[in-house]
Number of protein chains: 2
Amino acid sequence: MSERMSAHTRTVLNVLSERRCHLTAEEILARADGIGTATVYRALDHLTESGRIRRLSLGKKSAVYEYIRDAHMHFVCSRCGAVYDIQADLSGMIREAAKCSGHQVDWSEITAHGLCGACMLSMETEGTLCGNPAGHGDA
Amino acid sequence: MSERMSAHTRTVLNVLSERRCHLTAEEILARADGIGTATVYRALDHLTESGRIRRLSLGKKSAVYEYIRDAHMHFVCSRCGAVYDIQADLSGMIREAAKCSGHQVDWSEITAHGLCGACMLSMETEGTLCGNPAGHGDA
DNA sequence: TGACAAATGAGAATGAATATCATATAATAA
DNA sequence: TTATTATATGATATTCATTCTCATTTGTCA
């Protein structure tokens, strides 16, 4: 639990812990100035394995990483692609359900898909027509 | 909602609907004999868009697809990689939580990670030592 | 039967993630 | 300090799932 951490790994961790959002490896790479690609991926692996960050597949092509804070679920807008955090903790119920099947839950993730508030609004306003298909929420 | 479907798309749908499990595009490709790669991927896209099947990212490198039946969550064993279906429907609660944030949920997915029953057993038996690191559950 | 749209497949292209490997850096021993 | 060893790093090559291209085929309907 208290392994030592290289400076670069710490930098990567800081990039994530300093902001409350989900970043792709590429985005992290850009923000962790001067650190090579392989090193960033390795750091992300170490941090994921040591339980400090979490790797999520939100349906996008590339995985995103987030610093582990409070329990929350993710909402991905099918129209604009924005990702929102939704405060809700159903982990207890998930743990129970899995326990009934004989499995021990370490952690769980919930991803909801649908139309985000911003898109609903712009669809009303603009009459379902176009409008910029991306840009709300996320970070 | 009632678009027509090409023979190949129907074949892909059948491959999925005939078995109660999650298959990668590659596995589907192997079972949909004689259909080309691009066609299988296109069929999977169509079926996903029309809501007949679902594309899931269970943390593996490649996505898996499943025919939509009853609501259930997924349990992925961190040790052996097996995927189990867990009967539990928390979609109502998820929908409510998202609604509070102003979003409209279309569908949601839950993935729990941890140690599966089979692995717990073999770890006890074999004293936490090796043992075949894969092979339980899934399909 | 003609004409246009959609589907198909072989293969090229893309791109995220991983592997390789020689070098650099840190940790420990003597 | 100096030797010894393990680990970290980064440039680059590689892998591999997925998507794209485009010429050809098939389906649909007037």
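Below, read A as the first sequence line, B as the second, and so on, with proteins coming before strands; counting in each chain starts at 1. The figures here come from the full heavy-atom set of this structure, side chains too, leaving out hydrogens, waters and symmetry mates.
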> Going by heavy atoms in the side chains, are Arg52(A) and Leu16(A) under 4.5 Å from each other?
Replying inline: no
> Rounded to the nearest Å, what distance is computed from the CG atom of residue Leu29(B) to the C1' atom of nucleotide dC16(D)?
Replying inline: 14 Å
>> If I take atom CD1 in residue Ile28(A) and atom C1' in nucleotide dA16(C), what distance separates them, rounded to the nearest angstrom?
In response: 13 Å
>> Does Gln87(A) have more than 12 heavy atoms from other residues, nucleotides or ligands lying within 6.0 Å of its CD?
In response: yes
> How many Å lie between NZ on Lys61(A) and C1' on dC20(D), as a whole number?
Replying inline: 16 Å
>> From NZ of Lys60(B) over to C1' of dT18(D), roughly how many Å is that when rounded to an integer?
In response: 19 Å
>> Side chains of Ser6(B) and Thr9(B) only: does a donor on one sit below 3.5 Å from an acceptor on the other?
In response: yes
> Just to confirm, is there a sub-4.0 Å distance from OP1 or OP2 of dG9(C) to any side-chain nitrogen or oxygen of Thr39(B)?
Replying inline: yes
> According to a strict under-4.0 Å criterion, is Thr24(A) in side-chain N/O contact with OP1 or OP2 of dA16(C)?
Replying inline: no
> Of the nucleotides dA8(D), dT18(C), dT28(D), which has the atom closest to the Ser6(A) side chain?
Replying inline: dA8(D)
> In whole angstrom, what separates Tyr41(A)'s OH from dA8(D)'s C1'?
Replying inline: 19 Å
> In whole angstroms, how far is the P atom of dA6(C) from the CE atom of Met5(B)?
Replying inline: 17 Å
> To the nearest Å, how far apart are Ile35(B) CD1 and dT8(C) C1'?
Replying inline: 10 Å
> Does His8(A) put a side-chain nitrogen or oxygen below 4.0 Å from OP1 or OP2 of dG10(D)?
Replying inline: yes
> What's the CD-P distance between Glu26(A) and dT14(C), to the nearest Å?
Replying inline: 16 Å
> Is it the case that more than 12 heavy atoms not belonging to Arg19(B) sit under 6.0 Å from its CZ atom?
Replying inline: yes
> Between Ser62(B) and Ala38(B), which has a closest nucleotide on DNA chain D that is more 5'?
Replying inline: Ser62(B)
> Quick one: ring pair (Phe, Tyr, Trp, His ring centres under 6.0 Å) partners of His74(A), sequence neighbours excluded?
Replying inline: His22(A), His72(A)
> For Arg42(A) and Tyr65(A), take the nucleotide of DNA chain C holding the closest heavy atom to each; which residue's nucleotide lies nearer the 5' end?
Replying inline: Tyr65(A)
> Going by the salt bridge (charged side-chain N to carboxylate O under 4.0 Å, His left out) test, which pairs reach into residues 66-75 of chain A, not counting sequence neighbours?
Replying inline: Arg20(A)-Asp70(A)
> What's the closest nucleotide to the His46(B) side chain, out of dA7(C), dA17(C), dT20(C)?
Replying inline: dA7(C)
>> Given dA17(C), dT18(D), dT19(D), identify the nucleotide with an atom nearest to the side chain of Ala25(A).
In response: dA17(C)
> In Å and rounded to the nearest 0.5 Å, what is the CZ to OG1 distance from Arg42(B) to Thr37(B)?
Replying inline: 10.0 Å
>> Based on the rotation axes of five pairs at each end, what angle does the helix from dT1(C)-dA30(D) to dA30(C)-dT1(D) bend through, to 10°?
In response: 30°
